[in-house]
Amino acid sequence: MSADNLLTLDGVHTHIAAYHILHGVDLAVPRGQVTMLLGRNGAGKTTTLRTIMGLWRASRGSVRFAGQDIGQWPTPRIAELGIAYVPENMGIFADLTVKENLLLAARGARTAQQIDGARLQWIFSLFPAVEKFWNHPAGKLSGGQKQMLAVSRAIVEPRELLIVDEPSKGLAPAIIHNMIEAFAQLKAQGVTILLVEQNLSFAERLGDRVAVMDNGRVVHAGAMRALAEDAALQHALLGLAL
Ligand SMILES: Nc1ncnc2c1ncn2[C@@H]1O[C@H](COP(=O)(O)OP(=O)(O)O)[C@@H](O)[C@H]1O
Ligand SMILES: [Mg+2]
């Protein structure tokens, strides 16, 4: 079982200043699959992602990636393992152009010509707005276009694990469709994906596995399909109207 999990959290506790936020998070992210992390506002989803990335430190428990305990590693070293993280605020530089934002995310490239051309064309096909606004300041993009740019930055080079915090937040349906298609294509290329999501229909369309958090713990983990087909369980875990 554990051999198939690219990322595993065991009994992770995280404190932020004097606040005890995570209370023993157990989470398994199977290799090559899409895992959805759901839960009410304030459940601890973002804190879990930040703990994985070393932006907060677990005070107890372990974070393991490909068999290594990365719990005390600095964030840049964690990223170098091939983990891309798109935070809730998307981490875009508003004063830089779309192109410059993308170049900054490409470790090996100084000019657009140095980015793998086929990969860039593929990104343009997934997210046409990135090509359309290539030389525009990123701050002028709409919320949905910024999210496209943020995901483009995360995938400008091949990654083993992609972690995105609320990719569909505030997006129009047509853009949500683009996002789902992008993640589906990444999965088809073998990328392992962990997404925080509030939108259950988005989660159902992409997720293989699901973990639901409440009060700083994972309170349910299983197949996405089983949760999708069980309205009573959704209601119990997420408080959704039946
Ligand atoms: N920087 C912080 N300082 C103090 N409390 C925080 C901080 N960040 C998050 N929290 C608290 O931790 C809890 C979990 O937050 P978060 O992980 O952002 O939840 P979610 O992403 O599931 O909405 C919430 O009660 C939130 O108020
Ligand atoms: Mg959050």
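Numbering of ligands and ligand atoms starts at 1, following listing order. All residue numbers refer to positions in the sequence shown, counting from 1. Source: prediction; values computed, not measured. Note: hydrogens, waters and symmetry copies are ignored here, and every other heavy atom, side chains too, is used.
- Backbone or side-chain N, O or S atoms of Thr46 reach the Mg ion (ligand 2) at under 2.8 Å.
- With no hydrogens or angles considered, no side-chain donor-acceptor pair links Glu160 and Thr192 at under 3.5 Å.
- A donor-acceptor contact closer than 3.5 angstrom is absent between the side chains of Gln68 and Trp73.
- Checked by distance only, ligand 1 and Thr46 come closer than 3.5 Å through their nitrogen or oxygen atoms.
- Atom 2 (C) of ligand 1 has Ile16 CG2, 3.6 Å as its closest protein atom, hydrogens excluded (heavy atom only).
- Inter-residue side-chain proximity for Val156 and Arg119 is flagged as unmet; no heavy-atom pair is nearer than 4.5 Å.
- For ligand 1, the polar-atom distance check against Lys45 finds a nitrogen or oxygen pair separated by under 3.5 Å.
- Between His15 and His20, the ring-plane angle classifies as parallel under the 30° and 60° cut-offs.
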*Verify salt bridge (Lys or Arg N to Asp or Glu O under 4.0 Å) between Lys45 and Glu166, making sure each step is shown before the conclusion.*
CA-CA 10 Å; Lys45 305 179 297 295; Glu166 302 211 32; 5.0 Å; no
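- Residues Thr14 and Thr51 bring a donor and an acceptor atom of their side chains to less than 3.5 Å of each other.
- Atom 16 (P) of ligand 1 has Thr47 OG1, 3.6 Å as its closest protein atom, hydrogens excluded (heavy atom only).
- Nearest protein heavy-atom neighbour of atom 4 (C) of ligand 1: Tyr19 CD1, 3.9 Å.
- The existence of a salt bridge linking Arg64 and Asp10 is excluded, since no basic side-chain nitrogen approaches an acidic carboxylate oxygen closer than 4.0 Å.
- Among Ala43, Gly42, Ala17, the residue whose heavy atom lies closest to atom 24 (C) of ligand 1 is Gly42.
- Of all the atoms in ligand 1, the ones that sit under 4.0 Å from a non-hydrogen atom of Arg40 are 22 (O).
- Between Asp208 and Met224, the closest side-chain pair of non-hydrogen atoms is not below 4.5 Å.
- Within ligand 1, the atoms closer than 4.0 Å to a non-hydrogen atom of Asn41 are 23 (O), numbered from 1 in the order shown.
- Looking at Ile21 against ligand 1, only its side chain comes within 4.0 Å, counting heavy atoms.
- Looking from atom 19 (O) of ligand 1 to the surrounding protein, the closest heavy atom is Gly44 N, 3.2 Å.
- Distances from atom 26 (C) of ligand 1 to the protein include no heavy-atom value under 4.0 Å.
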